[in-house]
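Ligands are counted one by one from 1 in listed order, and the atoms in each one are counted from 1 as well. Here the structure is a predicted model, which means the values were calculated and not measured.
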Amino acid sequence: EKGTYPHFMLKEIDEQPFVMRRIIKEYQTDDTKLKLDADVRQAMKACDRIYIIAAGTSYHAGLVGKEFIEKLANIPVEVHIASEFSYNMPLLSEKPLFIFISQSGETADSRAVLVRIKEMGHPALTITNVPGSTLSREADYTLNLYAGPEIAVASTKAYTAQIAVLAILAVDTAQAKGLELDFDPMQELAIVANAMEVLTDQKEAIEELVRDNLGTTRNAFFIGRSTDYHVCQEGALKLKEISYIQAEGFAGGELKHGTIALIEEGTPVIAIATQENVNLSIRGNVQEVAARGANTMVFSMKGLEQDTDAFVIPHVHELLTPLASVVPMQLLAYYAALHRDCDVDKPRNLAKSVTVE
Ligand code: F6R
């Protein structure tokens, strides 16, 4: 039930701090180890490469998950769009492990890949919000997202839950492999939960940004580098999906290779800047588009902010910034849709779970 909320989407955005805390509780044991099935741990340890398969927002979570697994657990990861993988399968490694990420667990594009790779005899792990779902039943192992039912067509709390569970999985694998880590996922996720609370309390600031910059525009661009680029892709998907504003997420460095030709007087450009190592270069990109008339809005993380930034995100661990930076992106999309009188929870032409290929 929506309760006092006007839309499920807003309710689900607000639930994200609680979902983080539930994930911590569900995956934490009394000692320093994480609560993951021994067979999942074994499958992670035994593989030589991971293939993440997903669609839409879940694919965007996979892009972030790749970074955790590669950086923390030292296993190479490829992330594939399910519907592309089916028709153009890459060369597989000797001991692949497939990870399916799906909120609903019913996405037909992902299932088609699962059926194929099971025929080939490869192991599969499904990360889903619906443990009894098709993808969960047909895979060898399941990790639950514990996000609670997601009703709005636009996925919000499932995306952040997917990223949190992928971080826990990566750390568990690193521990199982005896790798040295100075990253405590539970402690860092607790900090994220608090940051999310601060962020969801800033709805008025976001609504004002929308009123000033996205009220009548036909298009909008999101730019970021490294981890921020993945969140830009998700921010753009959210915006186009529910507000029907044509939006694209671009890697900052790619602007000069073509995209910058799109910038006109007043074009809204949202930049995400949460990573210290690319802060200067993304700032350079912001100046380049501003010099061509773009209406720039920088969303930076505390510690990297500049006076002219539109919004400052509370500080969280640099690996987990998507969990914080995506929240204002979700709210931007929400208020843009609201201001344009769009059906927030049920955007045109879309279904919550896509059970056809
Ligand atoms: C976007 C959105 C979709 C889904 C995609 C995959 O807001 O909800 O892009 O992420 O259809 O769905 P699941 O995760 O159920 O496999």
Would you call K238 a ligand 1 contact, heavy-atom distance under 4.0 Å? yes
Heavy-atom contacts with A154 under 4.0 Å: which atoms of ligand 1 show up? List them by number with element. 7 (O)
Option nearest atom 7 (O) of ligand 1 (shortest heavy-atom distance, choices E150, R111, E241, K352): E241
For the CG atom of L255 and the CD1 atom of I282, what is their distance to the nearest 0.5 Å? 7.0 Å
Is a side-chain N or O of D345 found less than 3.5 angstrom from the main chain of A152, in a donor-acceptor match? no
Taking the side chain from N129 and the backbone from G148, do they hold a donor-acceptor pair closer than 3.5 Å? yes
Within the side chain of E150, is there an N or O that forms a donor-acceptor pair under 3.5 Å with the backbone of T156? yes
Measure the distances from the heavy atoms of S110 to every atom of ligand 1 and state whether one is below 4.0 angstrom. no
re atom 10 (O) of ligand 1, the protein heavy-atom contact at minimum distance is T57 N, 3.1 Å
Starting from atom 15 (O) of ligand 1, find the nearest protein heavy-atom neighbour and note its residue, name and distance. S104 OG, 2.6 Å
Closest non-hydrogen protein atom to atom 12 (O) of ligand 1, residue and atom name please, with distance? T107 OG1, 3.5 Å
One finds that the ligand 1 atoms under 4.0 Å from a non-hydrogen atom of S155 are 7 (O), 8 (O)
Looking only at the aromatic ring of each residue, does the gap between the centers of F68 and F183 stay below 6.0 angstrom? no
Of V153, I242, I151, the residue whose pairing with M9 passes side-chain contact (heavy atoms from CB on, under 4.5 Å): I242
Yes or no: does A55 have any heavy atom under 4.0 Å from an atom of ligand 1? yes
Could you tell me whether S102 and ligand 1 have an N or O pair separated by under 3.5 Å? yes
Among side-chain atoms of N194 and R21, is any donor-acceptor pair under 3.5 angstrom? yes
Donor-acceptor pair between E106 and T134 side chains, under 3.5 angstrom: yes
Atom indices of ligand 1 within 4.0 angstrom of S58 heavy atoms, with elements: 10 (O), 13 (P), 14 (O)
Among all the protein's non-hydrogen atoms, which is closest to atom 11 (O) of ligand 1, and how far away is it? V354 CG2, 4.2 Å
For atom 8 (O) of ligand 1, what's the nearest protein heavy-atom neighbour? Residue, atom name and distance, please. V153 O, 3.2 Å
Closest heavy-atom pair and its distance - F85, I53: CD1-CD1, 3.6 Å
